[in-house]
Each structure stands twice: as C-alpha cells, then as structure tokens.
Amino acid sequence: MLRVAVVGSGPSGCYTAQSLVQRDPDVQVDVLDRLPCPYGLVRYGVAPDHEKIKSLQNNLRTVLEHDRVRFLGGVAVGGPRGIPVKRLRELYHAVVYCVGAATDRRLGIPGEHLTGSWSATEFVSWYSAHPDAVDEGFLRGVRSAVVIGLGNVAVDVTRMLVRGVGELRPTDMPQGALDALAASGVTDVHMVGRRGPTQARFTTKELRELGGLPGTEVIVDPRELALDPAFAEPSALSALPAVQRRNAEVLRDWAAAPPREVDRRIRMRFFLRPVEVLGQDGRVAGVRFERTAPDGHGGVTGTGRFEEVPAQLVLRSVGYRGVPLEGLPFDATRGTVPHLEGRIVRDGVASPGEYVAGWIKRGPTGVIGTNRPCAKETVTSLLADAPALASQQVPEDPLPALRAAGIEPVPWQGWLAIERAEADLGARLGRNVVKLANWDALLGAARSG
Ligand SMILES: Cc1cc2nc3c(=O)[nH]c(=O)nc-3n(C[C@H](O)[C@H](O)[C@H](O)COP(=O)(O)OP(=O)(O)OC[C@H]3O[C@@H](n4cnc5c(N)ncnc54)[C@H](O)[C@@H]3O)c2cc1C
Ligand SMILES: NC(=O)c1ccc[n+]([C@@H]2O[C@H](COP(=O)([O-])OP(=O)(O)OC[C@H]3O[C@@H](n4cnc5c(N)ncnc54)[C@H](OP(=O)(O)O)[C@@H]3O)[C@@H](O)[C@H]2O)c1
C-alpha cells in the first residue's frame with residue numbers, strides 16, 4: 001500500500017483523495033484537516049442560501065466514506081500545535097497540500113483598519129459559523145454599507161446584507177448571525193468596482209439573482225455604464241465573451257428600469273477606486289473614491305476627481321490570499337506554493353513526495369469544479385513518482401505518532417456526531433439543521449460520538 005496524506009478536506013483535498021483511490025487500488029489516503037469538520041469552503045464559504053451548491057457536500061462525503069479513505073479532523077499541519085511539515089513527510093510515502101487560501105488581500109489604503117471596516121473573509125466566516133470567526137457586531141447601527149470589489153464573493157456578501165430573515169431561517173446559518181441579520185437596519189448597499197461593468201468578475205447567474213430579491217431594488221446609473229467604451233459601441237459589446245455580454249445586458253436592463261418603492265437598495269457602481277476609508281470617532285463613516293477612466297488596455301487610470309460615499313460598514317471583497325505554511329516554500333507575490341504540475345518545488349527542484357492542489361496551487365480563483373482537473377494533474381504526477389516513493393519506510397499506521405505529538409484526531413464518527421448535534425440544535429430552535437459556531441461546541445459534540 002502507498003500511504004498518502006492529503007492535508008485539507010475542501011474540494012481539492014476530496015478530489016485528490018477520490019482520484020488517488022479511483023486510479024490506483026494500492027493507495028490508502030488519510031485526509032487531515034485542522035477543523036473537526038470536513039469540506040472546506042463548501043461548508044465555510046458557499047453562501048447558506050445557495051442550498052443546491054451546498055448539497056455538493058454529499059458528493060464529497062462519498063469520497064471521505066470510501067473504504068480506503070480516512071478522515072482525520074482536528075489535525076493541523078504546521079503552527080504551534082500542529083504536526084510539523086517535516087515530521088508529516090516521515091509518516092507517509094507522499095503528502096498533498098490542499099490547504100486553500102485562508103486570508104484576504106489588503107487594499108493598502110488609509111483607514112482600512114478602522115472599526116467597521118472588515119474583509120469579506122471575516123464576514124463570510126461569521127455567517128458561515130467558522131469556529132475561528134469573531135462576532136464583530138458587523139451590522140450594529142449600520143444603515144449604509146459599502147462593498148468593495150465586483151467578484152462573486154462581493155455578490156454573496158451584498159445579497160446576505162439585504163436578504164430577509166424569512167429566506168435565511170430555513171438555512172443552516174448559525175442562530176447568532178440570523179438574529180443579527182433579522183435586527184439589521186441596512187437599507188443601502190453600495191457595491192463598487194474600480195474598473196468598468198464589462199471587466200467585473202461576477203457571473204451572470206449570481207448577478208441576476210440580486211435583481212430577484214424581495215423588497216430590494218438594484219440601481220445602476222446609465223451615465224456610469226456609458227463610461228465603458230464597450231457600452232458606447234454596440235459592435236464592441238457583441239464582440240465580448242459570453243459572460244461579459246450577458247452581464248452587460250442585465251446591467252443595461254436595470255439602468256433602464258423605473259424606480260420602485262422598496263425597503264432596500266443595491267447601488268452598483270463602476271470606475272471608482274477606493275483611496276481612503278473615512279472615520280469618525282474611530283469608526284467607519286464612509287469611503288473616499290477616485291473616479292477612474294479606462295486606459296485602453298483593460299486597466300484604469302485616476303482622473304483626479306473624488307467622491308465620498310457615507311457608510312457605517314465597509315466590506316473589502318478584493319480576493320482571498322494563501323498563507324505560508326512553515327516548512328513549505330512560498331511565493332509571496334502570488335500567495336501560492338511553487339510547483340511543477342503539482343510537484344512542490346524547493347530551490348528550483350521538484351521535492352520528492354510533496355505535492356499541492358487547489359487554491360494553494362493555483363491562487364484563489366475558480367469554482368468548486370475547477371479543483372477537480374487541478375487535483376487530477378497533481379495525482380498524475382504523484383502516481384508517476386509512486387514506484388520511487390514506495391521504497392520509503394513508513395509506519396503501518398501514523399495515528400500513534402500523531403498522538404505522541406499531542407494530537408488526538410477527530411474521526412469520521414466524531415464528525416457524524418457533530419452533524420447529529422447540529423440537527424438536534426435545529427430541532428430545538430424550530431429550524432432545520434443549525435450549525436455549531438464555536439470550537440467548544442464542535443469538539444464537545446465530536447467527543448460525544
Ligand atoms: C466566500 C466564497 C464563496 C464561494 N462560493 C462558491 C460557490 O457558490 N460555488 C462554487 O462553485 N465555488 C464557490 N467558491 C469557490 C470554492 O469554494 C473554491 O474553489 C474551493 O473551495 C477551493 O478549494 P480548496 O480545497 O483549494 O480550498 P478550501 O475549500 O479552502 O479547503 C482548504 C481546507 O484546508 C484546511 N486547512 C487549511 N490549512 C490547514 C492546515 N495548516 N492544516 C490542516 N488543514 C488545513 C481548511 O480547514 C480547509 O478545510 C466560493 C469561495 C468563497 C471564498
Ligand atoms: N456562486 C459562485 O459560483 C461563487 C461564489 C463566490 C466565489 N466564487 C469564486 O471564488 C473565487 C474568488 O472570488 P472573489 O470574489 O473573492 O475574487 P475575484 O473574482 O478575483 O474578484 C475580486 C474583485 O476584487 C477587485 N479588486 C482586487 N483588488 C482591488 C483593489 N485594490 N481595489 C479595488 N478592487 C479590487 C477585483 O477588481 P479587478 O478585476 O479590477 O482586479 C475584483 O472585482 C472566484 O473564482 C469566484 O468566481 C464563486
């Protein structure tokens with residue numbers, strides 16, 4: 001048996017494990033995760049109201065229940081209480097790092113760290129019940145919010161800010177976040193991009209969904225659309241890739257729509273680059289933007305004209321970022337681990353038995369399905385190396401070594417107990433499944449199993 005450790009149980013970790021056991025009957029896989037819960041961002045990122053995408057957890061579950069795959073939760077690699085990278089490599093013939101991109105990119109502008117200015121990562125972790133999330137009182141006293149960025153995460157957090165509690169109650173959102181959203185006084189969300197509508201990164205299905213939210217109107221200023229050369233010239237619009245063309249159609253319809261009597265408004269803004277988060281008494285009071293103009297090469301330049309948008313909450317949704325793992329090489333510019341076809345590269349040379357897949361390999365873009373071919377490429381490299389790797393002496397079972405390092409993994413049965421506890425909590429609250437939102441509750445439930 002070739003013993004492989006996959007670090008991370010998100011989509012890339014699960015697809016790596018699946019590809020390994022499907023393609024080689026002599027491979028046994030341990031999937032390690034620092035959390036007691038599997039599925040990575042499918043559990044802790046995909047928005048709670050996207051139940052169909054959330055249900056992909058069922059597909060990932062079949063991988064982790066395969067008889068040659070074992071889930072070991074609560075096992076961090078690296079860090080003060082984790083198993084060191086070097087030691088892990090001694091316990092397995094090969095290790096595949098699928099650790100995702102856990103933090104956020106920074107804007108690097110004054111006021112970014114004022115109270116009331118948070119990354120989308122922090123906000124998403126809170127409403128997703130990530131046990132490391134902190135309740136920052138995100139919505140307290142907020143009427144107007146600015147969301148910076150025009151990606152799908154920006155669309156998610158914008159939608160969560162205006163979704164009615166009636167629509168969120170059937171989801172697995174933690175009770176604290178549901179209560180805070182129910183009490184929210186947010187009436188205006190300004191979703192702001194530094195480039196034009198045809199350079200936005202969101203996809204049409206996600207964009208269109210904003211227009212169908214009850215009691216909410218999407219406002220687009222036709223004068224701002226006209227700043228995009230593609231809108232001024234109809235033949236330029238039809239020459240765009242399908243997603244951009246369809247996005248443009250949706251935005252043009254919204255720009256032409258008459259105003260409605262609604263409780264909440266999403267104002268979609270373009271060609272505004274954030275230059276300062278404004279504060280008053282140490283709290284966010286708004287954002288100062290500079291008007292930009294297309295530079296003719298897909299980018300923008302500043303125009304020296306400025307605009308201020310009042311807000312009590314700023315969510316910076318400008319992309320995620322990989323974090324370095326002690327003992328692994330790291331490309332600080334890209335926020336990824338350097339690799340060649342999935343083989344980790346140390347000092348310019350592929351390191352035997354060490355691999356990467358997913359966001360830590362490619363950077364923080366791509367949907368769940370993108371991780372499948374990415375994982376396959378890595379597995380192809382690993383299996384090509386397998387004959388050389390198999391000669392390494394490794395323990396029959398690495399569990400005693402993990403325990404000797406002070407780590408008591410949460411087994412699959414422990415995760416199933418967490419699932420039962422979340423169903424019980426939902427029943428007690430008169431809801432469906434409700435997620436446990438802190439370490440003590442998760443580990444307590446896991447131990448009971
Ligand atoms: C907010 C948000 C919403 C999204 N919504 C959608 C969507 O609706 N549809 C869609 O198709 N895609 C969506 N995506 C994209 C999708 O989630 C990613 O493509 C995918 O999750 C990346 O997979 P991954 O396995 O590389 O990373 P992750 O899913 O982040 O998994 C990484 C795993 O590694 C574990 N880990 C990290 N460090 C360590 C360590 N040191 N030791 C042990 N374990 C560790 C983490 O706990 C985690 O479980 C969304 C992304 C975000 C950020
Ligand atoms: N429903 C879904 O399918 C779903 C949901 C959520 C996430 N995802 C996927 O997850 C991945 C990550 O999504 P994401 O939204 O985090 O990233 P993203 O798609 O890369 O979008 C990041 C946004 O931030 C902007 N930005 C970056 N730096 C900036 C700066 N300094 N100032 C102002 N704006 C800045 C970008 O603008 P520029 O273009 O100008 O750089 C872009 O609009 C994507 O592939 C996404 O599709 C999918």
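All ligand and atom numbering here is 1-based and tracks the order in the structure.
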Open item on the list: Using only atom types and a distance under 3.5 Å, with no angle test, would you say the side chain of K54 pairs donor to acceptor with the backbone of P48?
Closed with: no
Open item on the list: Is a donor from one side chain sitting under 3.5 angstrom from an acceptor on the other, for T62 and E65?
Closed with: no
TODO: Please state which part of Y320 comes within less than 4.0 Å of ligand 1, counting heavy atoms only: side chain, backbone, both or neither.
DONE: side chain
- [ ] State the atoms of ligand 2, each with its element, that fall below the 4.0 Å cut-off from a heavy-atom position in V367.
- [x] 3 (O)
- [ ] Specify side chain, backbone, both or neither for T203, according to which of its non-hydrogen atoms lie closer than 4.0 Å to ligand 2.
- [x] neither
- [ ] For R195, counting its heavy atoms only, list the atoms of ligand 2 lying under 4.0 Å from any of them.
- [x] 38 (P), 39 (O), 40 (O)
Open item on the list: Any atom of ligand 2 sitting under 4.0 Å from a heavy atom of G193?
Closed with: no
TODO: Using a strict 4.0 Å cut-off to heavy atoms of G358, name the atoms of ligand 1 that fall inside it.
DONE: 26 (O)
Task: Polar contact flag, side-chain donor to acceptor under 3.5 angstrom, E209-H50 - done: yes
Open item on the list: Tell me whether A47 has any N or O atom under 3.5 angstrom from an N or O of ligand 1.
Closed with: no
- [ ] Answer yes or no: does an N/O atom from G8 fall short of 3.5 Å to an N/O atom of ligand 1?
- [x] no
Open item on the list: Can you name the atoms of ligand 2, numbered from 1 with element, that are less than 4.0 Å from a heavy atom of S317?
Closed with: 23 (C), 24 (O)
Task: Heteroatom proximity flag, Y320 to ligand 2, N/O under 3.5 Å - done: no
Open item on the list: With rounding to the nearest 0.5 angstrom, report the CZ to CG distance, R201 to L150.
Closed with: 10.0 Å
Task: Distance filter under 4.0 Å to G319 heavy atoms, resulting ligand 2 atoms - done: 16 (O)
TODO: Check each atom of ligand 1 against the heavy atoms of A76 and keep those under 4.0 Å away; list them by number with element.
DONE: 42 (N)
Open item on the list: Between R269 and E307 (salt bridge meaning N to carboxylate O under 4.0 Å), is one present in this structure?
Closed with: yes
- [ ] Before signing off on this row, confirm whether E206 and ligand 2 have an N or O atom pair separated by under 3.5 Å.
- [x] yes
Task: Value rounded to 0.5 Å, distance of OG1 in T216 from CZ in R159 - done: 12.0 Å
TODO: Could you tell me whether V7 approaches ligand 1 through its side chain, its backbone, both or neither, with non-hydrogen atoms closer than 4.0 Å?
DONE: side chain
TODO: Look only at interatomic distance and state if H50 has a nitrogen or oxygen under 3.5 Å from any nitrogen or oxygen of ligand 1.
DONE: no
Open item on the list: Please check whether G366 reaches ligand 2 - meaning an N/O of the residue sits under 3.5 Å from an N/O of the ligand, judged on distance alone.
Closed with: yes
Task: atom 23 (O) of ligand 1 within contact range, any protein heavy atom under 4.0 Å - done: yes
TODO: Would you mind telling me which of K361, R346, R89 makes a salt bridge (charged side-chain N to carboxylate O under 4.0 Å, His left out) with E354?
DONE: R346
- [ ] Measure the CG-OG1 distance between D49 and T171 for me, rounded to the nearest 0.5 Å.
- [x] 7.5 Å
- [ ] Return a yes/no value for R362: is any of its N or O atoms, backbone included, closer than 3.5 angstrom to an N or O of ligand 1?
- [x] no
Open item on the list: Test your reading of the structure: does W359 have an N or O sitting under 3.5 Å from an N or O of ligand 2?
Closed with: no
- [ ] Check ligand 1 against L325 and write out every atom of the ligand that is under 4.0 Å from a heavy-atom position of the residue.
- [x] 41 (N)
Task: Side-chain donor or acceptor of R343 paired with backbone N/O of P352 under 3.5 Å - done: no
TODO: Using atom types as modelled and distance alone, determine if a side-chain donor or acceptor of H130 lies under 3.5 Å from a backbone N or O of D132.
DONE: yes
Open item on the list: Residue-level breakdown please: for V99 versus ligand 1, do any non-hydrogen atoms fall below 4.0 Å on the side chain, on the backbone, on both, or on neither?
Closed with: both
Open item on the list: Residue-level breakdown please: for N371 versus ligand 1, do any non-hydrogen atoms fall below 4.0 Å on the side chain, on the backbone, on both, or on neither?
Closed with: side chain
- [ ] Without swapping roles, check the side chain of K435 against the backbone of R43 for a donor-acceptor pair under 3.5 Å.
- [x] yes
- [ ] Name the closest protein heavy atom to atom 43 (O) of ligand 2, giving the residue it belongs to and the distance to 0.1 Å.
- [x] L150 N, 2.9 Å
Open item on the list: Give me the nearest non-hydrogen protein atom to atom 41 (N) of ligand 1 as residue plus atom name, then the distance to 0.1 Å.
Closed with: V77 O, 2.9 Å
Task: Nitrogen or oxygen of V124 less than 3.5 angstrom from that of ligand 1 - done: no
Open item on the list: Less than 4.0 Å is my threshold; does some heavy atom of F289 fall inside it relative to ligand 2?
Closed with: no
Task: Backbone of R305 reached by a side-chain donor or acceptor of R291 within 3.5 Å - done: no
Open item on the list: Show me which atoms of ligand 2 lie under 4.0 Å from any heavy atom of P364.
Closed with: 11 (C), 12 (C)
Open item on the list: Distance under 4.0 Å to a non-hydrogen atom of G366: what atoms of ligand 1 satisfy this?
Closed with: 15 (C), 18 (C), 19 (O)
- [ ] Step through the shown structure and confirm whether more than 12 heavy atoms of other residues, nucleotides or ligands are within 6.0 Å of CD on E233.
- [x] yes
Open item on the list: Taking 4.0 angstrom as the limit and counting only heavy atoms of D156, give me the atoms of ligand 1 inside it, by number and element.
Closed with: 3 (C)
Open item on the list: Judged on heavy-atom distance to atom 32 (C) of ligand 1, which of G40, C98, C37 sits nearest?
Closed with: C98
Task: Nearest option to atom 48 (C) of ligand 2, as decided by whichever heavy atom of N152, I368, V124, L272 sits closest - done: N152
Open item on the list: Please list the nearest protein heavy atom to atom 21 (O) of ligand 2 with its residue and the distance rounded to 0.1 Å.
Closed with: G151 CA, 3.6 Å
- [ ] Could you check atom 20 (O) of ligand 2 against the protein and tell me its nearest heavy-atom contact, residue, atom and distance included?
- [x] R201 NH1, 2.9 Å
Task: Test of proximity, V153 against ligand 2: N or O pairs below 3.5 Å - done: yes
TODO: Evaluate the ring planes of W412 and Y39, with Trp represented by its six-membered ring, and classify them as parallel (under 30°), tilted (30 to 60°) or perpendicular (over 60°).
DONE: perpendicular
Task: Which of the ligand 2 atoms, numbered from 1, are nearer than 4.0 Å to a heavy atom of D156 - done: 5 (C), 6 (C)
TODO: Look up atom 50 (C) of ligand 1 and tell me if a protein heavy atom lies less than 4.0 Å from it?
DONE: no
TODO: Using a 4.0 Å heavy-atom cut-off, say whether A120 meets ligand 2 through its side chain, its backbone, both or neither.
DONE: neither
- [ ] Please check if any side-chain donor atom of R68 sits under 3.5 Å from a side-chain acceptor atom of Q28, or the reverse.
- [x] no
- [ ] Please report which non-hydrogen protein atom sits nearest to atom 28 (N) of ligand 2, along with the residue it belongs to and the distance in Å to one decimal place.
- [x] R194 NH2, 3.4 Å
- [ ] Give the intermediate values and the outcome of salt bridge (charged side-chain N to carboxylate O under 4.0 Å, His left out) for residues R61 and E419.
- [x] CA-CA 12 Å; R61 177 189 200 101; E419 281 192 314; 2.9 Å; yes
- [ ] Indicate whether the side chain of T203 and that of N152 have a donor and an acceptor atom separated by less than 3.5 Å.
- [x] yes
Task: Mode of L35 contact toward ligand 1 - side chain, backbone, both, neither (heavy atoms, under 4.0 Å) - done: side chain
TODO: Could you tell me whether V46 approaches ligand 1 through its side chain, its backbone, both or neither, with non-hydrogen atoms closer than 4.0 Å?
DONE: both
Open item on the list: Hydrogens and angles aside, do T380 and R23 bring a side-chain donor and acceptor to less than 3.5 Å of each other?
Closed with: yes
Open item on the list: Does either side chain, that of R316 or that of S117, offer a donor lying less than 3.5 Å from an acceptor on the other one?
Closed with: yes
TODO: Could you list the residues that satisfy side-chain contact (heavy atoms from CB on, under 4.5 Å) with A421, not counting sequence neighbours?
DONE: L436, A445
- [ ] Work out whether the distance between some heavy atom of I360 and some atom of ligand 1 is less than 4.0 Å.
- [x] no
Open item on the list: Taking 4.0 angstrom as the limit and counting only heavy atoms of L107, give me the atoms of ligand 2 inside it, by number and element.
Closed with: 30 (C), 31 (N), 32 (N)
